[in-house]
Amino acid sequence: MSETLLRFVVVPVAQIAVVIAALLLIVVYLVLLERKINAFMQVRLGPRRVGWHGLLQTVADVIKLFTKEDITPRHVDRLVFLLAPVVIILPALAAFAVIPFSGGSFRVGSVGVRAWISDVNVGLLYLLAITSLGVFGVVMAGWSSNSKYPMLGGLRSAAQMVSYEVPLGLSVVSILMLAGTASLVGIVQAQESAGRWFLFWTPYPQILGLFLYFVSGVAETNRLPFDLPEAENELVAGFHTEYSGMKFAFFFLAEYINMVLVGCLVAVLFFGGWLPVTFGIPGLREPLSNFFPFWGGAGAMLTGFFWFGLKVFLVLFLYLWMRATYPRYRYDQLMRLGWKVFIPLGLGHVMVTALAILVRRG
Amino acid sequence: MFGTTEMQINMGPQHPSTHGVLRLELKLDGERIVDTRPVIGYLHRGCEKLGEDRTYAQAIVYTDRMDYCAAFAENLVYAEAVERLLGVEVPPRAQYMRVVLAELQRIASHLIWLGTHAMDIGALTVFVYGMREREFILDLFESYCGARLTYNAVRVGGMPEEFPEGWVEEARRFCDVLPSRLDEYHQLLTANRIWLARTRGVGTIDGKTALDWGMTGPCLRGSGVAYDVRKAIPYEAYADLDFDVPIGEAGDTYDRYLCRMEEIRQSRRIVLQALDKLPGGEIRGKVPRRIKPPKGEVYHVNEGPRGELGVYLVSDGSEHAYRCRFRSPNFVNLQALPDMVRGHLVADVVAVIGTLDIVLGCVDR
Amino acid sequence: MDDVDNKTPIPPPKKADPVEEALRAPAPSRALDRLGEALGDAIEDVAYHCGVPIVRVGRDRIVEVARFLKEDSGSRMLLLADLCGVDMIGLRGAPRFDVVYHLTGPDTRERITLKVAVEEGGEVPSVTPVWRGANWHEREAFDMFGIRFAGHPDLRRILMPEEFDAHPLRKDFPLEGREKDHGFWRRPEDETRNTYRD
Amino acid sequence: MEAQFLMFLALAAVALAASVMVITRRNLVHSALYLIVTFFAVAAIYVLLHAEFLGVVQLLVYAGGIMVLFLFVILLVERPGTGPAGKPMRWHAAASGVLTLLVAAILGAHFLRSGMAPPGGTAVLGASGGNLETVSLALFRNYLLPFEVVSVLLLVALVGAIVLARPRA
């Protein structure tokens with residue numbers, strides 16, 4: 001096997017396959033986790049029938065969805081209707097191309113393998129660009145269904161996603177300024193060399209940035225309390241009312257993949273990605289960075305997965321917690337919040353961060 | 001250049017949050033409501049016609065099926081109306097038992113309202129919590145009359161059974177638990193910013209207009225009119241019991257929410273008092289086996305959980321009512337919906353339906 | 001349809017029963033007094049049952065009486081608790097229907113019942129200008145009995161389907177049986193279908 | 001190089017085909033969706049030229065921002081399923097034919113004079129270590145004044161739009 005083939009074809013394809021497979025598995029259990037956590041918060045038991053404590057419930061659900069009759073209503077715009085689920089899931093998956101899941105590396109033959117598919121120098125911008133495309137899937141689904149509730153859902157979501165992209169971008173801008181690079185690997189490395197996460201950056205901790213990013217992220221992924229495009233109590237099921245079976249499963253999948261994506265980004269941007277949780281104690285850093293020293297780079301990578309996964313899980317837990325706690329905003333209130341509160345806050349946040357950088361430089 | 005057209009949209013009769021088979025024809029400008037036309041009758045079963053065909057005692061069963069979330073209140077008002085027609089006195093013990101059950105029923109009904117209303121606005125957890133407490137009440141009813149939803153637990157002239165052994169203690173235990181659970185709901189909703197944003201200033205109706213529409217119950221009291229049949233024209237043992245009638249000020253969804261929440265507390269107070277005062281003695285008055293009231297008519301009202309429950313009976317001296325008419329508070333309150341949502345957004349329609357607390361079985365009869 | 005015996009009047013109660021006596025005992029009513037003073041000529045008859053005055057009012061005067069009872073400072077019947085029709089065919093024959101108004105004064109804590117008689121096919125003036133809430137009640141009375149209300153803003157069927165062609169609460173409407181198709185389920189394209197069973 | 005050229009050809013073909021679809025579809029929403037495909041292809045060409053920043057911005061601004069607004073307007077104004085009403089006027093066809101010929105002539109003349117070889121810009125961009133820096137240096141150092149003037153212009157447009165959209169009292 002030639003090295004070029006290995007470097008440019010085999011390894012990337014293997015990485016992509018691993019990421020997609022892992023994502024699907026995570027989503028399956030994220031759904032179960034959501035049901036279990038919500039059940040716990042609501043004094044219920046949640047699914048218990050399929051598998052031990054319902055562990056196979058989502059698997060059963062997926063099988064059900066994929067074997068269901070695939071209905072395409074007669075009045076829809078066929079091409080767009082069929083494309084919409086694809087359009088919504090592709091950006092969600094493509095975004096993971098630049099996420100660094102862990103540090104460390106190991107070698108396969110002469111080729112070093114890292115825990116990310118690619119490290120591009122415009123990584124953050126790429127992410128913003130690619131996630132902004134997900135809205136087309138929603139709009140296409142809403143429009144092509146040729147039905148009123150999906151239409152309203154599509155309109156809502158177009159407005160919502162466009163509005164919340166701005167504060168999302170603004171909170172990212174300050175991270176960009178702090179790291180001095182738009183590469184996600186570079187951002188984690190900047191936090192590593194600074195010795196602290198950007199969340200605790202001195203003199204101006206990025207707490208506001210995290211808040212803005214997370215809330216906008218929730219709004220972008222259409223989850224409670226911002227799940228207006230599919231608010232089941234008003235719009236039945238919003239933009240995917242007319243979808244069933246596998247096509248519906250795609251929407252569902254995309255929503256959860258996007259949740260995981262927001263979790264990953266929060267971890268990378270604010271929580272130092274794969275860096276260990278050291279509580280600021282310098283001595284802990286070395287032992288916590290690699291649980292398996294005898295495996296060298298691969299051990300460090302595994303350890304990084306653990307820390308990264310932990311952080312992502314925390315963010316996802318917050319998601320689920322919010323769902324169990326909050327009522328839903330109204331459409332106009334959501335827009336007002338975005339434009340009149342979050343965007344000014346985001347602008348101010350960028351200014352203050354810039355000032356803080358100047359102060360730090362002296 | 002470009003004109004926009006109003007959008008006609010059908011909400012229901014199959015829709016997750018129209019609380020049954022209510023259908024609304026909405027006319028929208030964007031998402032703003034221009035006009036609403038409620039269409040009802042999808043659950044019309046002709047309870048009034050059935051009430052004219054069956055004997056007075058048999059017809060109680062049909063009252064269960066009207067407001068199935070508060071069947072006891074419907075049983076009670078019908079039985080009382082027949083008692084009025086007959087001129088029968090109900091023994092004090094039965095009166096107190098009725099009060100206990102009626103107030104428990106009110107709590108159960110308000111819990112359903114709370115759960116579904118909160119769920120319509122997106123708060124999922126409150127729904128499950130509300131069901132948890134309601135379950136307690138359903139268990140109490142089950143151990144009293146064997147049914148959990150359609151009780152048929154009142155007889156003309158009194159009550160069918162004594163409270164079973166240990167029932168009173170169980171009811172007291174429920175009353176002990178309830179306040180802490182109520183605090184839980186308040187913590188989840190009352191000061192929640194999103195809840196406030198979704199309910200304050202939504203579906204506002206002032207007291208005068210509400211009366212003009214004939215609204216009663218918490219919907220009227222939320223607008224600041226202190227009209228409660230239990231106080232205004234006391235029936236059963238309510239005159240001897242001490243309780244407050246909470247009223248709102250603004251007449252919006254939030255005030256109605258607070259009113260009902262306080263009513264749950266007051267109902268608990270009534271239940272405890274009635275259990276303390278529960279007299280001994282008979283539970284059935286002197287009612288002939290064949291109920292044949294003299295010619296005449298009666299319009300009798302009760303304070304149901306959703307408003308003034310009325311029964312109009314015309315007797316021609318036979319065993320059947322000549323005319324049996326049920327005044328449904330939901331039917332009347334629902335009329336005001338178009339008024340309350342005009343100019344609001346689609347999401348508010350759902351909130352207002354929730355705050356009106358309609359049960360379609362009672363609207364359509 | 002049942003044959004209605006119009007000739008024999010309902011015989012009066014043979015013996016005065018003390019309970020019945022008590023039921024029919026007059027009760028003081030401030031609203032009724034005020035009404036008698038102001039619009040005494042509109043009152044055709046007053047009866048009492050269970051402590052509530054039942055006032056029969058001339059058909060043309062009902063709106064006037066209703067408005068007086070609502071707006072007069074002494075009666076203040078702000079709440080139209082209920083409005084319904086009664087098919088009187090089995091009790092008195094003609095005129096066939098009564099429209100019954102149950103009024104409540106929320107602050108005076110008084111109740112009063114008004115009655116208006118109307119023959120089949122006749123019209124009663126609508127009280128929607130007085131109480132907006134009368135709207136659906138009158139629609140229901142129209143739906144169930146076919147009583148028309150003059151001046152009602154939107155007199156359509158409310159509980160039964162629009163295409164239904166009978167009035168189910170009339171005494172001659174059968175409780176069971178499917179002899180007649182009432183327009184249920186009939187769409188323009190299947191004129192041939194008679195009932196929904198075939 | 002060969003592979004790159006082939007990819008360019010493929011992307012250019014996609015872009016052209018999609019653009020043709022944009023102007024031939026009768027359904028406005030379909031047109032808008034084809035326009036997004038065009039943007040995508042163009043962004044990919046940018047990336048091929050090592051102008052990743054431009055490519056990403058192309059997606060972010062045009063596909064992610066402007067097209068969403070386009071769709072929003074189309075959805076709000078047009079009822080679903082109906083195409084634009086009325087026939088195109090006759091002189092439209094003639095005028096567009098003439099214009100197309102004119103553009104083709106100008107471009108053809110340009111290409112004939114300068115040859116098909118791409119100008120050497122890509123090498124310069126790639127060499128300076130990530131074009132994010134290059135672009136920002138150009139914007140904020142060399143062309144600061146024009147950049148600011150453009151932002152002020154955009155602000156004016158924004159204010160103007162708000163004034164126009166404000167409901168008249």
Side-chain angles (χ1 to χ4, degrees), chain B residues 37-44 46 48-50 52-53 81 84-88 207-216 220 225-229 231-233 293-301 308 310 312 314 316-317 322-323 325-328 331-336 339 363-365, chain C residues 10 13 17-24 47-52 54 70 78-88 90-91 98 100 102 104-111 113 115 130-137 140 143-144 154 157-162 164 168-171 173 175-176:
Chain B
R37 217 176 76 157
V39 181
I40 60 172
Y42 291 91
L43 206 59
H44 177 60
E48 297 182 358
K49 189 83 175 172
L50 289 165
E52 291 166 20
D53 187 61
R84 291 281 172 105
L85 263 185
L86 281 167
V88 168
K208 202 165 165 291
T209 320
L211 267 177
D212 204 23
W213 279 116
M215 287 169 95
T216 45
L220 178 66
V225 181
Y227 171 65
D228 185 321
V229 184
K231 286 273 187 203
I233 311 159
K295 284 197 192 65
E297 61 177 68
V298 66
Y299 177 70
H300 181 67
V301 292
E308 184 176 302
Y312 177 57
V314 178
D316 58 355
Y322 180 77
R323 170 80 167 108
R325 154 85 181 167
F326 297 111
R327 188 254 190 212
S328 145
F331 178 83
V332 185
N333 293 351
L334 185 60
Q335 273 192 85
D339 238 19
V363 172
D364 293 346
R365 284 154 291 149
Chain C
I10 294 114
D17 181 353
V19 176
E20 264 182 64
E21 206 87 300
L23 284 177
R24 295 181 199 285
Y48 293 89
H49 211 273
C50 301
V52 177
I54 301 164
K70 184 188 177 193
L78 295 177
L79 186 68
L80 173 71
D82 199 5
L83 185 161
C84 65
V86 180
D87 185 356
M88 298 300 281
L91 291 181
D98 266 354
V100 185
H102 300 290
T104 306
D107 16 86
T108 59
R109 302 179 172 197
E110 266 188 19
R111 279 192 277 159
T113 302
K115 279 190 179 182
V130 187
W131 294 284
R132 274 197 268 182
N135 188 323
W136 280 18
H137 288 308
E140 194 186 346
D143 192 1
M144 294 295 153
D154 181 28
R157 287 187 175 274
I158 185 162
L159 292 175
M160 303 306 286
E162 301 251 345
F164 196 71
L169 274 185
R170 288 186 178 187
K171 284 290 174 188
F173 187 86
L175 195 73
E176 32 189 276

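Residue numbers start from 1 in every chain, and the chains themselves are labelled A, B, ... in the order their sequence lines are given, proteins ahead of strands.
Distance alone, capped at 3.5 Å, places no donor-acceptor pair between the Glu308(B) side chain and the Ala81(C) backbone. No side-chain donor-acceptor contact under 3.5 Å links Tyr227(B) to the backbone of Arg109(C). At least one donor-acceptor pair under 3.5 Å links the side chain of Arg323(B) to the backbone N or O of Gly85(C).
Asp228(B) does not touch chain C: none of its heavy atoms, backbone or side chain, sits under 4.5 Å away. For Thr216(B), the part lying near chain C is the side chain, with the backbone staying farther off; criterion is any non-hydrogen pair under 4.5 Å. In this structure, chain C has no heavy atom under 4.5 Å from any part of Val39(B). With a 4.5 angstrom heavy-atom cutoff, Tyr312(B) touches chain C only via side-chain atoms. Only the side chain of Arg325(B) comes within contact range of chain C, judged by heavy atoms closer than 4.5 Å. Contacts between Leu220(B) and chain C at a heavy-atom distance below 4.5 Å are absent for every atom of the residue. Contact annotation for Pro106(C): both backbone and side-chain heavy atoms come within less than 4.5 Å of a heavy atom of chain B. Residue contact with chain C, scored on non-hydrogen atoms closer than 4.5 Å, involves the backbone and the side chain of Ile40(B) alike. For Leu43(B), no part lies under 4.5 angstrom from a heavy atom of chain C.
Heavy-atom pairs under 4.5 Å with chain B peak, among Thr104(C), Asp154(C), Asp107(C), Thr108(C), at Thr104(C). Contacts with chain C were tallied for Asp53(B), Val229(B), Val314(B); Asp53(B) has the most, counting heavy-atom pairs under 4.5 Å. Considering only heavy-atom pairs separated by less than 4.5 Å from chain B, the leading option among Leu80(C), Ile54(C), Thr113(C) is Ile54(C). The candidate with the highest count of non-hydrogen atom pairs below 4.5 Å against chain B, out of Arg132(C), Met144(C), Arg157(C), is Arg132(C). Of the listed residues (Lys70(C), His137(C), Glu110(C), Glu140(C)), the greatest number of heavy-atom pairs within a distance under 4.5 Å of chain B belongs to Glu140(C).
Lys49(B) pairs by the side chain to side chain contact (heavy atoms under 4.5 Å, CB included) definition with Leu169(C), Phe173(C), Leu175(C), not counting sequence neighbours. In this structure Asp98(C) satisfies the side chain to side chain contact (heavy atoms under 4.5 Å, CB included) test together with Arg56(C), Val86(C), Met88(C), Arg92(C), Val100(C), Lys115(C), Ala117(C), sequence neighbours excluded.
Summarising the geometry of Val130(C) relative to Asp212(B), their closest heavy-atom pair is O-OD1, 3.4 Å, with the distance given to 0.1 Å.
By the 30° and 60° cut-offs, the orientation of the rings of His102(C) relative to Tyr299(B) is parallel.
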